[in-house]
Structure formats: C-alpha cells, structure tokens
Amino acid sequence: MVLFARLLRALGIGVTSSQVQDWVDAVGHLDLRHKADFREAAQAVLITRREDLEWFRAAFALFFVARDPRELEDMELGLLVQRITRRVQKSRVEREGDDSDGGDGEGVPEPDRLQTYSDTDVLRRKDFADLEGPELAQVKAMIRKMEWRLDVRRTRRRVPARRGAIDLRRSLRKSLGRGGELVEWAYRNRKTKRRPLALICDISGSMEPYSRILLQFMYVASRGLEKTEAFVFGTRLTRITRQLKHRDVDLALRSVHEEIEDFGGGTRIGEAIRGFNYRWSRRVLGEGAAVLVISDGWDRGDPDILEREMARLKRSAYRVIWLNPLLGSPRYEPLTRGIQAALPHIDDFLPVHNLQSLEDLGLHLQKLARGRRGPSRWRGRAA
C-alpha cells in the first residue's frame, strides 16, 4: 500500500501520509477477498480531485495484478509511470474513436495533465522566460515549497557551551556548592546567529520575463528567513519588505504591484544602489548581512555612479552576490556597461534563470563562510 501511494505521487497525485494511514485503517473493516471493495476504499480516501480518477484507476489496475508484490518493489518507478501513461493515452484514443496507431502510444498527443518525476526534472531546468500557462503555475507552486536557510555567523557575545574557553566565573560559582573544591570546569563559546539578507531586484522592462517569478522567490525567502529586507528598482528604489509579510502570497504580490510605480520601465542601477547605500545600508547591513542583487545588468544610467556605489556596497556588506538570469546561457558574455562596472565589486556572480539555479543558490547561501568563488572568468576582463 505504501508502494502504491509512492506510485501515485510519481504520477502527480498528491497523496499524504495521513491519507495512507486512513486507507490502512479502512482496510481493517473490509473483506479483502472482494477486490472491488479494496479499490473503492482506496479511491475514496486517496483521490480528492476528479481529474486524478483516470490515472488512479490505470495505476490500480496495473499495480495490483502482480503475482508477487516484491516484483514491484524492485521495478523502476519510471517504468511503471510510462506503462500507466500508455494505458491512459490508449484509453483516451479509444474513447475518441481513433485506433489507427494500434494503441502503442506513438503519435498520441500528450495527456492534459501528466506530472511525473521526469516532467518535474524538465521544469527544473527550463528557463523562466520560456514558461507558459500550466508550467508557469507549477513552477510558482514549486518555488513556494522551497525552504531557505542562510549561513550562520559567530557573534562577539559568549554563551555557556560544552567546550571552548574556560569560564572561570561560572566554574568558581559551581564549586561553591561543593565546599569550595573545584571539581568541574565550565566553558563558554561565541554565540552563532543567522545572517541577515538584503534582496534588491531589478523589475525593469528587460527583466520582465523573469521578475514576476523572482518576486515569488523574494516572497518565499522573506517568509522563510529571520531577518530579510526586500527592495525592487527600475528608475528608483522601492522597499517592499512590509508588503511581503502577508500570509497570502497573492495578496502580498498584489500589494507589491500597487506599491511599484516603475514596473517594466527603464533601469538606473547605479542610482538605485546609491539610494540603498545612503538610506538603508546602516539599518540593513549590520550583523554581517549578505546582499543579493538580481539584475541582467542593462543600465541606462551613468556607469561611473554604479561602479562607485557598488564599491561602497561591498565595503558595507559581508558578501555581495549578483544574480543574472542571462548567465544561464552558455554564450553569455558580460559586455553591458552595467555589468562591466559592477563586476570588480561582486563576490559571487551566479545565474538565476530556472529552478535548478534557485536550488543551487540555496545551497550556496548556507556556505557563505567557506570561501568566496568570485567571477574569476570575467573579473580581469572587466577591470
């Protein structure tokens, strides 16, 4: 029964552990000699949407005809998914009265809804700018399920610990209860805290294919991390931290769009960074904060201003990470004036064009203190 639930998840049917437990409890009240009752109990408990019913019946018919269930345990899950998919495709063709291809699945249109592990893997690598309709909605849902953890830093404050420096005051105080004889050392070590994070995202016209999805990422990161400040910019900088605090993602993003006056317009990266440096850096960049700048580097402003303000930002922040959606292309070269001016002051130059790049970013943020991998390919060229 657990293996069957795993197969349903591979087909894109959302089956939870509590549903499987309810199914197990229901079977205890059935006569297992009647297969139809067993199937109806599974359908009643595990299926909550009408569009999943056809996939459930095909999976049930294939899964429970095995003579030995251990054969299914050794069978590759992807193979089962493919066989079930062919069954569903064949049944749909037969309902439409088109049997010309013999039912082998070739030449049959893809099903309206097929969410297998292979499909998910394709979506993880598909460029955000190429997403449409259901794919876009599915990617947004996958982003909302991501969990973000930022690297920890060691503070100057010391707290009791099992090892570290000897705490003479606590050691002497503990010895007083033992007649003044020192029998156990007390230790203390530096306290660790999560780093703050500042997100600065470009929402100009050149970033429009990406910015609407990246706002979803900013919402999830703001909700998941302890100290996060969020900003967007086109021709001017706008703070959206308060708007992203809404529990409902749709309300949060709607309020963000209402707050932004220059969405899809021009870009002045240097002036936006200068506004952040002079107005917000002292409030935001304490306690070893990291900064994520998300932009393709297309800038209509003065590159000298951008270079000067990026240098100031680098001096204030623990780490400056520039995320560029164009970097996902193997043919990309940092030739724009904005990127050329900013590159010498960037610690990490990373792509942010698909789900895979966001997952890699999450791993990178957890290891900020383990060395900096700056844009060595282009730093010399930019200089």
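In this text, all values refer to a predicted model and were calculated from it rather than measured experimentally.
Taking each heavy atom of Tyr332 and Asn324 in turn, the nearest pair found is OH-ND2, 3.1 Å. Between Leu326 and Trp298, the shortest heavy-atom distance links the atoms CD1-NE1, 3.9 Å. Residue Phe217 comes nearest to Leu361 through the heavy atom pair CZ-CD2, 3.9 Å, listed as atom of the first residue, atom of the second, then distance. Smallest separation of non-hydrogen atoms from Gly328 and Pro351: N-CB, 3.8 Å. Nearest approach of Leu237 to Gly275, heavy atoms of both residues: CD2-C, 4.0 Å. Nearest heavy atoms, Ile240 versus Met218: CD1-CE, 4.1 Å.
When the options Leu131, Val139, Leu355, Asn354 are evaluated for a side-chain contact (heavy atoms from CB on, under 4.5 Å) with Lys126, the one that passes is Leu131. Among the candidates Ile305, Ile339, Ile269, the single residue satisfying the side-chain contact (heavy atoms from CB on, under 4.5 Å) test with Asp299 is Ile269.
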Test side-chain contact (heavy atoms from CB on, under 4.5 Å) applied to Leu358 and Phe128, step by step:
CA-CA 11 Å; Leu358 285 181; Phe128 290 149; 4.0 Å; yes
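Using modelled atom types and a 3.5 Å distance limit, the side chains of Ser357 and Asp360 yield no donor-acceptor pair. Checking Tyr318 against Asp347 by side-chain atom types alone, no donor-acceptor pair falls below 3.5 Å.
The environment of Arg144 atom CZ is dense: over 12 non-hydrogen atoms of other residues, nucleotides or ligands sit within 6.0 angstrom. Arg308 CZ: more than 12 foreign heavy atoms inside a 6.0 Å radius.
Taking 4.5 Å as the limit, some side-chain heavy atom of Arg239 sits within range of a side-chain heavy atom of Trp280.
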